[in-house]
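Working notes, structure below.
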Amino acid sequence: MDIKKVKRSDNYSAWYNSLVKNADLAEHSDVKGCMVIKPYGYAIWEKMQADLDRRFKETGHQNAYFPLFIPKSFFTKEASHVDGFAKECAVVTHYRLKVDPITKEIVVDPDAKLEEELIVRPTSETIIWNSYRSWIKSYRDLPLLINQWANVVRWEMRTRLFLRTTEFLWQEGHTAHATADEAIGETKQMLDVYADFAENILAVPVIKGVKSANERFAGAIETYCIEGLMQDGKALQMGTSHFLGQNFAKAFDVKYVTKENKQEYVWATSWGVSTRLMGALIMSHSDDEGLVLPPNLAPIQVVIIPIFRKEEEKILVLEKAKEIQKVLKSKHISVKLDDRDNLTPGFKFAEYELKGVPVRIAIGPRDVQNESVEVARRDTKEKQVMSVVDIENKIEHLLSQIQKNIFQKALDYRDEHITAVNTWDEFLDALENKTGFVSAHWDGTTETEIKIKEMTKATIRCIPLNNKLEDGKCVLTGNASTQRVLFAKSY
RNA sequence: CGGGGUGUAGCGUAGCCUGGUAUCGCGCCACAUUUGGGAUGUGGAGGUCGUAGGUUCAAAUCCUGCCACCCCGACCA
């Protein structure tokens, strides 16, 4: 393995790209803007999926699957929705290829034109709500709580591995409710699920909030979000949960009969997180040595590296290593014993650091002799010699300490990078020199928000939930304001 | 869409200006010695030089067209 070291401080974006490739998470495919997620990267995504899926089911949701293709007519039924997505849709127009009789090349058969074009889903509200029309007849059918794991396509002009790819993997929840209150409750509940997952599993602290009108999802009444802060001081939207009101119910004529035998439109939510979370994970914790994975997501939590010179040492060391592997496994710790004999220990140390394995155990003849092992943690790079007595409990404890430490470190960084400002000069200074979130008064108009974006590239990331109300003056216009909002440059 | 760049072995590259049998490193295979922080030696395998055409006795190299991807920006519910 020949690793070109790119320093995080020199070029954050080059560092990120080389990390994704070198840690074997993903690579660019030959299709523009699309990536191949490699087994190690996919294993992390699968762990995210498994944990989220469990949480969705615990909150009463069921999984289902809807088609990849959406008839154009469905897609255009909700006006603001189509406005929001029209510019980035892949469209299927034909269903057959043929050999051109003259050039002998494979070409699209012009005779195989579809009557109605199919949109490759950028999100599935429309096709799902088209089904819900026939699924929902009575108040007894509500709430309808569905989630789908799927791929979607958004034809973005500019892409970045995991953060914004043309095709990406995600889950999208789509629920229907009898009342607005219940739907809003669902929206907030799922936001809490996301926030809890982000902080306790990804170890990425997030701010829960609502989007400004300008940043709201196309077709939503209110968009709730969780916002994270990456190590370069840019914000990342990590998940959204939308209260859709009756917009889609009206567009797709989804009504139910109440107890009182009245026809009412249902109330909707949708919510999603994507493989972008992989980007958040990488950018929040990693360093110049490579990936740093929180134990709760690491496909390999502990790697054991045996060290030996002679054949008889090898036998002894491997025997002890297997013993340790076994007791760790009894604690449901995922352990890899790397007994490859063509690589030196030093090489393996570096390799597992690159891959972010939280704990490394080295065991050599000396350790076998002393009934000890050398334990190294990835997050702090600390090494210590530990007795093998009760090793499984010690490692289990260490893993949970590492999980906490990684989160705390990210939290400290995040909190240090929220700057309250009162003047335009302070605003610019904080944004340029300190980076991160800037907490400032805003007059509440889209006009001002857009002006600020044009001048600074910063957008309103969110209006934090449970925000303190205080009188103030808009940082740009000086107009009256009732609360601070969070601005930042973002991905 | 604008600006910049790249395309040569699995990966990373040299060669291109000044045309003449394809360079080096990593990785891979074999053997030996090694193994507590990215081992060493010896031998070996691996190439339609992105693609199509042109110039030429001869093209990775010069000319023309095309394609693809990457980076920066615009865009991004």
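Throughout, a chain's letter reflects where its sequence line sits, starting with A, and its residues are numbered from 1.
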Taking any heavy-atom pair under 4.0 Å as a contact, classify [X]: base, sugar-phosphate, or nothing.
{"X": "A/Ser13", "result": "sugar-phosphate"}
{"X": "A/Pro122", "result": "nothing"}
{"X": "A/Lys383", "result": "base"}

### Query
Just by distance, with hydrogens left out, do A/Gln171 and A/His61 show a side-chain donor and acceptor under 3.5 Å apart?
no
d([atom1], [X]; [atom2], [N]) in whole Å:
{"X": "A/Asp288", "N": "B/rG37", "atom1": "CG", "atom2": "P", "value": "21 Å"}
{"X": "A/Asp339", "N": "B/rU35", "atom1": "CG", "atom2": "C1'", "value": "14 Å"}
{"X": "A/Met35", "N": "B/rC71", "atom1": "CE", "atom2": "P", "value": "13 Å"}
{"X": "A/Phe347", "N": "B/rG38", "atom1": "CZ", "atom2": "C1'", "value": "7 Å"}
{"X": "A/Asn342", "N": "B/rC26", "atom1": "CG", "atom2": "C1'", "value": "15 Å"}

### Query
Got a donor-acceptor pair under 3.5 Å from the side chain of A/Glu353 to the base of B/rG37?
yes
### Message
Using a distance-only criterion (donor-acceptor N/O pair, under 3.5 Å, no hydrogens), is the base of B/rG36 paired with the side chain of A/Arg309?
### Response
no
### Task
May I ask you to say whether A/Asp338 pairs ionically with A/Lys348, meaning some side-chain N is under 4.0 Å from a carboxylate O?
yes
### Task
In plain terms, say whether A/Asp24 and A/Lys38 are close enough for a salt bridge, that is, a side-chain N and a carboxylate O under 4.0 Å apart.
yes
[N] phosphate, OP1 or OP2: any side-chain N/O from [X] under 4.0 angstrom?
{"X": "A/Lys348", "N": "B/rA39", "result": "no"}
{"X": "A/Thr344", "N": "B/rU35", "result": "no"}
{"X": "A/Asn17", "N": "B/rC70", "result": "no"}
{"X": "A/His28", "N": "B/rC70", "result": "yes"}

Using the [atom1] atom on both, measure [N] against [M] and round to a whole Å.
{"N": "B/rA9", "M": "B/rA52", "atom1": "C1'", "answer": "24 Å"}
{"N": "B/rU48", "M": "B/rG44", "atom1": "C1'", "answer": "24 Å"}
{"N": "B/rA59", "M": "B/rA22", "atom1": "C1'", "answer": "13 Å"}
{"N": "B/rC16", "M": "B/rU8", "atom1": "C1'", "answer": "12 Å"}

### Message
I'd like to know whether the aromatic ring centres of A/His81 and A/Phe217 sit less than 6.0 Å apart in this structure.
### Response
yes
### Heavy-atom side-chain contact between A/Glu227 and A/Lys208 under 4.5 Å
no
